[in-house]
Amino acid sequence: MIVTLIPAIALRLLAVLGYPPSLLFFGDSFAFLGEKLAPGTTRPSGYSLLLALLRPAHSLTLITVAQHLLGLALAVGVYLLLRRRGLPGWGATLLVTPILFDEFMVLLEHMIMADLVFIVLVCAAITLIVWRVTPATAAVGGLLLGLAGITRTVGLPLLILTAAYLLIRRYTKLRSRRRYGWRPLLALVVAGAIPLGAYATWTKVEKGKFALTEADGNFLWSRTMSFADCAVIRPPERLAVLCPDMPVEQRPYPPYWLWESFSPLLKVPGAANRNQLAGEFARKAILAQPGPYLGAVAVDLAKLLRWERTAAEEKTPYKFPAAERPLNGSVKEIAESYEDGPAATRVVEPFAGWLRAYQRFGYLPFPVLMLGLAGALTAAVVRRRWDALLPGVAALALVVSPPFLAAYDVRYVIPAIPLVCLALGLTLGTRPPSPSQEDPSGARHRRRHAEAGDSRPAGAGHRPSPA
């Protein structure tokens with residue numbers, strides 16, 4: 001593993017040297033860097049809170065270096081768990097290779113965006129819970145998943161999913177000799193509710209609504225722009241303003257309907273009112289046109305079968321740039337205020353060129369990732385490695401949900417990579433969780449009986465001897 005870490009560190013060093021001080025993503029990065037802290041309208045502000053804590057250092061480089069270290073620590077954590085489950089060193093190292101060397105992981109680590117922090121929070125929580133289920137690990141895992149939920153709202157279902165996993169394990173023996181008690185489940189739910197409740201309360205105080213964002217309806221409405229036909233939907237007059245005025249075949253990709261000037265969404269005043277009306281329109285559109293809705297989702301999911309991430313000539317923000325991107329207007333002021341100096345991304349050769357060359361081949365193709373996910377879920381059931389189901393199902397949820405709720409984006413698939421690696425390793429491990437790892441209270445109970453010289457199973461009562 002140490003030998004593998006050396007080139008992985010070198011790869012991240014190329015990013016730090018080749019693209020100082022960081023990569024900035026459209027308007028999102030500047031929204032996170034803003035000096036004024038407030039609950040986000042289109043996205044939660046959990047990442048903004050982290051950046052606010054680091055603001056006194058006035059260093060975007062500090063943020064990117066910290067994120068690179070988090071990415072490396074994530075790979076080491078998954079490796080240690082897989083070794084604990086009986087995988088040989090070479091096998092565990094092979095499985096964490098995508099975490100260490102996928103070019104998109106390096107890209108997200110070097111970008112001022114919430115994605116890398118979200119990935120680490122989710123994977124750390126699931127790794128802890130799979131490592132050993134106790135009230136303490138469940139509480140830490142729940143807290144991390146709660147923090148993930150205020151970093152990206154897609155983290156909220158993962159807390160519910162993990163709670164369901166513990167609840168099922170509570171009522172089934174599966175591979176454990178004893179069922180879980182209630183304390184881990186209770187600790188997970190309570191700890192996860194703390195950051196979510198605190199953030200929603202903050203939103204209530206600032207905006208008068210107990211919620212994480214005011215954009216879930218907007219995103220779902222943008223999804224329906226792929227197929228919505230108001231002649232079929234027949235929306236009431238108050239929703240008719242949201243009808244698109246261009247033929248379906250000419251409409252741009254759903255995210256453009258959230259920001260561009262042609263969008264009828266921008267005609268609706270008030271963020272909360274806009275979100276409510278957009279949500280109502282989207283639900284009516286889906287109910288009126290379920291076939292086209294599922295067809296649009298299927299078209300997006302089919303992109304997971306594309307071998308190449310991005311074509312060489314494709315314009316996308318998910319590439320290491322070949323030239324400096326100057327900052328203008330208000331975004332320049334925001335970035336330079338945080339950096340306390342020039343903040344535009346610089347391109348330093350030859351380091352940047354080496355990284356751009358690596359980007360053309362240094363990635364895990366999505367068809368291979370999907371095949372690994374399907375194999376992990378199948379093997380988990382066949383081999384009865386039930387703990388592998390948690391990271392596997394979490395990865396599936398992260399991959400499948402965006403096309404249903406908004407639209408497909410390459411960036412939304414990347415969080416599944418470490419979870420699939422973890423799920424595969426758990427199914428291939430030769431050492432399933434021991435009862436003492438899964439039920440420490442039961443292990444202590446059995447140990448007390450053994451120390452007292454009682455050879456009977458724990459819990460066996462005293463029976464009167466025959467006369």
Side-chain angles (χ1 to χ4, degrees), residues 15-68 70 106-118 150-153 199 202-203 205-207 212-215 218-219 255-263 265-266 269-272 274-275 315-349 351-352 409 411:
V16 174
L17 296 176
Y19 294 99
S22 65
L23 295 175
L24 300 170
F25 183 86
F26 289 152
D28 296 36
S29 296
F30 308 103
F32 290 127
L33 290 170
E35 188 170 358
K36 182 181 178 182
L37 278 178
T41 300
T42 59
R43 65 189 65 80
S45 300
Y47 186 60
S48 299
L49 296 173
L50 174 61
L51 297 186
L53 291 176
L54 300 177
R55 177 179 284 274
H58 291 291
S59 176
L60 294 174
T61 300
L62 173 64
I63 298 171
T64 56
V65 170
Q67 292 181 167
H68 285 308
L70 284 174
V106 180
L107 181 77
L108 289 179
E109 291 170 12
H110 204 64
M111 191 176 284
I112 304 300
M113 284 288 285
D115 296 70
L116 188 277
V117 173
F118 171 79
I150 66 171
T151 303
R152 281 189 58 199
T153 50
Y199 187 91
W202 183 30
T203 305
V205 171
E206 293 288 335
K207 299 186 176 183
L212 297 181
T213 67
E214 293 179 296
N218 297 344
F219 281 98
Y256 288 97
W257 293 87
L258 295 170
W259 327 111
E260 296 295 339
S261 58
F262 61 77
S263 174
L265 187 67
L266 303 182
R274 183 185 305 132
N275 186 56
K315 293 183 178 180
T316 171
Y318 304 135
K319 287 182 180 179
F320 289 101
E324 183 175 326
R325 297 171 177 172
L327 302 177
N328 299 304
S330 61
V331 296
K332 181 178 180 180
E333 295 178 6
I334 292 172
E336 292 188 348
S337 173
Y338 192 97
E339 179 72 1
D340 197 18
T345 302
R346 302 191 302 276
V347 179
V348 181
E349 303 294 353
F351 312 112
D409 193 293
R411 182 164 54 95

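Below, all heavy atoms of this structure are taken into account, side chains as well, without hydrogens, waters or symmetry copies. In this chain, numbering begins with 1 at the start of the sequence shown.
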Review point. Between Glu214 and Arg274, is any pair of side-chain heavy atoms under 4.5 Å apart?
Key: no
Review point. Which pair of non-hydrogen atoms, one from Tyr47 and one from Val117, has the smallest distance, and what is that distance?
Key: CE1-CG2, 3.7 Å
Check your understanding: Under a 4.5 Å cut-off applied to non-hydrogen side-chain atoms, are Ile150 and Trp202 in contact?
Key -> no
Review point. Do Tyr19 and Phe351 come within less than 4.5 Å of each other through their side chains, counting heavy atoms only?
Key: no
Practice item. Might you point out which heavy atoms bring Arg346 and Pro21 nearest each other, and give the distance in Å? Key: NH1-CD, 4.3 Å
Revision key, fill the gap. By salt bridge (charged side-chain N to carboxylate O under 4.0 Å, His left out), Glu339 pairs with (sequence neighbours left out) none
Study note, to complete from the structure: Closest non-hydrogen contact found for Asn218 with Leu258 is O-CD2, 3.4 Å
**Study point:** Separation of Leu116 CG from Glu109 CD (nearest 0.5 Å)
**Key:** 5.0 Å
Review point. When rounded to the nearest 0.5 angstrom, what distance separates CG in Leu212 from OH in Tyr199?
Key: 7.0 Å
Report all side-chain donor-acceptor pairs from residues 22-29 shorter than 3.5 Å, counting only partners two or more places apart or in another chain.
residue, atom, partner, partner atom, Å
Asp28, OD2, Arg43, NH2, 3.4
Ser29, OG, Phe25, N, 2.7
Ser29, OG, Ile112, O, 2.7

Practice item. Mark yes when over 12 heavy atoms from residues, nucleotides or ligands other than Phe262 sit less than 6.0 Å from its CZ; otherwise mark no. Key: yes
Check your understanding: Would Tyr318 and Asp409 count as having a side-chain donor-acceptor pair, cut-off 3.5 Å?
Key -> yes
Check your understanding: Does a sphere of radius 6.0 Å around CD in Glu349 hold more than 12 heavy atoms from other residues, nucleotides or ligands, not counting ones at 6.0 Å or beyond?
Key -> yes
Review point. Is there side-chain contact between Glu35 and Arg55, with heavy atoms separated by less than 4.5 Å?
Key: yes
Revision key, fill the gap. Scanning both residues in full, the closest heavy-atom pair of Pro44 with Phe32 reads O-CE2, 4.1 Å
Check your understanding: Is it true that a side-chain atom of His110 and a backbone atom of Ala15 form a donor plus acceptor pair closer than 3.5 Å?
Key -> yes
Review point. Which pair of non-hydrogen atoms, one from Leu60 and one from Ala343, has the smallest distance, and what is that distance?
Key: CD1-CB, 4.0 Å
Check your understanding: Is there a side-chain contact between Thr213 and Thr203, using heavy atoms and a 4.5 Å cut-off?
Key -> no
Point to revise | pair Trp259-Leu266: side-chain heavy atoms closer than 4.5 Å | key: no
Review point. Are the side chains of Leu107 and Met111 in touch, meaning some heavy atoms are under 4.5 Å apart?
Key: yes
Review point. Should Val16 and His68 count as side-chain neighbours, where that means a heavy-atom distance under 4.5 Å?
Key: yes
Study note, to complete from the structure: CG of Leu50 to CD1 of Ile63, rounded to nearest 0.5 Å, is 7.5 Å
Exercise for review: Provide the closest heavy-atom pair for Pro39 versus Ser45 in the form atom of the first, atom of the second, distance.
Suggested key: C-OG, 3.6 Å
Just list the side-chain donor-acceptor pairs under 3.5 Å for residues 320-334, sequence neighbours left out, or say none.
none

